[in-house]
Amino acid sequence: MNEERVQIIGNDMIIDSSLWHACAGRLVHVPPVNSTVSYFPQGHFEHAGMENTDDAIATASRIPWRIQCRVTSVELKMDSRTEEVYTKIHLNPIVTNNNNSTDDDKDYALSESLNLFGRSQFLTKVLTQSDANNGGGFSVPKKLAETIFPPLNYKITKPGIENLPSQDILARDYRGNIWKFRHVYRGNPLRHLLTTGWSKFVTAKQVVSGDTIVFGRDDNGDVYVGIRRVRRARWQGRIRAESVLEAARLAAIGRGFEIRYYPSSSTTEFCVVDSVVNATKRKMMNEFGAGTRIKMAFETLNSTGVEPVGWYKGSIESVEDVDPNHWPGSFWRRLKTQITPKLITHKYGIQLENHPPI
């Protein structure tokens, strides 16, 4: 792994875009520097778990539900203790006409380009209970083993378990530590496994069932390993309520402010490029209504190691304010949709069937 990909500052690490997105997930979008975005204080409060607090309710009456801003800096970071990725974004409120951006297409293209994985390769697997058992091994998806790891020698000339295809894998984590795993191909049916060294990794990283292991290979052929954490209750509260209230206050008076976004705590982004917001606004006015059929993107992680984006299908039940008393007219979670097996609400990221995504 190229050393310039990771920079340690204070207690956290700044990592490059391809590594960050591998651990954040394919559906996480980060607005690029100089793009125009909409900041939703309502979503910021929700992200911090304080949407129903007295402070949040009192603040709601003094600030607009949408504040357009210019992105002045973006840092893609990883918590050095938990290896949980997050982004730190600095925003400057701007004055626009008719609450619309003038460079929607440019913003959307830049936002999408930032999320490309570049030439590095990444494959992932959600850890099973067996994988996360610190006394066991890791069952490696075939595609991951054949794409990321060096090729095994499958030509067996002598019988015996010691002669089965095997090799040592050296993988660097985002702290720069090297982990040595024994990669074997055995069993009935034959499968790829990481044995010696895996238990030590599980214990040190405190991984649990539901975490996602990320293996990557860079342009030089070096292998590295990371973790996409499943949501944990003990991590709640890492965003201070005071910082959220201060950000909302500064945004409302037109002064620069800073936000943090943790993909693992919520899939709901509260700083969204204006192209997406304005496209959604047009759809709400002209096409969205009760009964409209939609599809919603979701990320799948399956046993083959492939990480595609799929679609849930459903329909819109209603278009209404989620909190009309405190945030009247807000777009935040305004679409109430019926998607089997449960009723959920969304802010954006849905698609009309047989139409391009918005």
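- A distance of 10.0 Å separates OG1 in T36 from CG in N278, rounded to the nearest 0.5 Å.
- With values rounded to the nearest 0.5 angstrom, T72 atom OG1 is found 9.0 Å from E258 atom CD.
- Scored by the side chain to side chain donor-acceptor pair (under 3.5 Å) test, S130 finds no partners at all (sequence neighbours excluded).
- Of all heavy-atom pairs spanning V273 and P31, the tightest one is CG1-CB, 4.0 Å.
- Using a distance-only test at 3.5 Å, with no hydrogens or angles considered, a donor-acceptor pair links the side chain of R70 to the main chain of N34.
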Audit row: F270, E46, side-chain contact (heavy atoms from CB on, under 4.5 Å) steps and yes/no: CA-CA 9 Å; F270 53 88; E46 181 182 302; over 6 Å; no
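- With contacts defined as side-chain heavy-atom distances shorter than 4.5 Å, the pair Q68/P93 does not qualify.
- A salt bridge between R172 and D218 is absent, with no side-chain N of the basic residue lying under 4.0 Å from a carboxylate O of the acidic one.
- Centroid-to-centroid, the aromatic rings of Y39 and F257 come within less than 6.0 Å.
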In sequence, state the C-alpha distance, the side-chain angles, and the governing distance for N92 and C69, and then conclude on side-chain contact (heavy atoms from CB on, under 4.5 Å). CA-CA 5 Å; N92 277 340; C69 303; 5.9 Å; no
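- Atom CD1 of I227 and atom CG of D211 lie 6.5 Å apart (nearest 0.5 Å).
- Contacts of E146 classified as salt bridge (Lys or Arg N to Asp or Glu O under 4.0 Å), with partners at least two apart in sequence or in another chain: none.
- For the atom pair F331 CZ and F40 CZ, the distance stands at 7.5 Å (nearest 0.5 Å).
- Within the 4.5 Å cutoff, no side-chain heavy atoms of L245 are placed close to those of H44.
- For F149, the ring pair (Phe, Tyr, Trp, His ring centres under 6.0 Å) partners two or more places apart in sequence, or in a different chain, are H183, F215.
- Here W179 pairs with D173 under the side chain to side chain donor-acceptor pair (under 3.5 Å) rule; sequence neighbours left out.
- With sequence neighbours left out, E246 forms a salt bridge (Lys or Arg N to Asp or Glu O under 4.0 Å) with R249.
- Here S73 pairs with H90 under the side chain to side chain contact (heavy atoms under 4.5 Å, CB included) rule; sequence neighbours left out.
- Criterion: ILVMFWY side-chain heavy atoms under 4.5 Å apart, direct or through other members. Under it, F138 and V184 are not part of a common hydrophobic cluster.
- Between I63 and P41 the shortest heavy-atom distance is CD1-CB, 3.6 Å.
- With sequence neighbours excluded, the residues forming a salt bridge (Lys or Arg N to Asp or Glu O under 4.0 Å) with K180 are D168, listed by chain and number.
- Here the NE2 atom belonging to H29 is positioned 6.0 Å from the CD atom belonging to E269, to the nearest 0.5 angstrom.
- The CZ atom of R255 sits 14.5 Å away from atom CG of L91, with the distance rounded to the nearest 0.5 Å.
- Put simply, the side chain of L152 reaches to within 4.5 Å of the side chain of Q167, judged on heavy atoms.
- The two residues A132 and V208 make their nearest non-hydrogen contact at CB-C, 3.7 Å.
- Closest non-hydrogen pair, V214 versus R228, comes out as CG2-N, 4.4 Å.
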Pair S38-R66, side chain to side chain donor-acceptor pair (under 3.5 Å): steps then yes or no: CA-CA 6 Å; S38 289; R66 174 191 182 188; 2.7 Å; yes
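- Counting heavy atoms from C-beta on, the side chains of Y154 and Y185 come closer than 4.5 Å.
- Minimum heavy-atom separation, A48 to V244: CB-CG2, 3.8 Å.
- When all heavy atoms of S243 and R240 are compared, the pair lying nearest together is OG-O, 2.7 Å.
- Partners of T203 by side chain to side chain donor-acceptor pair (under 3.5 Å), not counting sequence neighbours: none found.
- Taking the side chain as every heavy atom from C-beta outward, V28 and P263 approach each other to under 4.5 Å.
- With hydrogens and angles ignored, the 3.5 Å screen pairs no side-chain donor or acceptor of T147 with any backbone N or O of L144.
- Checked against side chain to side chain donor-acceptor pair (under 3.5 Å), N133 has no partners two or more places apart in sequence or in another chain.
- The same ILVMFWY cluster, assembled from side-chain heavy atoms under 4.5 Å apart, contains both V37 and V33.
- Annotation: side chain of E75 is not in contact with side chain of T87 (no heavy-atom distance under 4.5 Å).
- Looking at heavy atoms from C-beta onward, S209 lies out of side-chain contact with L127 at the 4.5 angstrom threshold.
- With ring centers used as reference points, F201 lies under 6.0 Å from F181.
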Residues 322-330 side chain polar contacts: donor-acceptor under 3.5 Å, at least two apart:
| unit_1 | atom_1 | unit_2 | atom_2 | d |
| --- | --- | --- | --- | --- |
| D323 | OD1 | H326 | N | 3.4 |
| D323 | OD1 | H326 | ND1 | 3.3 |
| D323 | OD2 | H326 | ND1 | 3.2 |
| S330 | OG | Q42 | OE1 | 2.7 |
| S330 | OG | W332 | N | 3.0 |

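- Checked against side chain to side chain contact (heavy atoms under 4.5 Å, CB included), V202 has the following partners two or more places apart in sequence or in another chain: N134, W198, V207.
- Side-chain atoms of T124 do not come within 3.5 Å of backbone N or O of T212 as any donor-acceptor pair.
- Scanning for side chain to side chain contact (heavy atoms under 4.5 Å, CB included) contacts around S139 gives K125, D131, R191, L193, with sequence neighbours left out.
- In this structure the side chain of H21 reaches within 4.5 angstrom of the side chain of V30, judged on heavy atoms.
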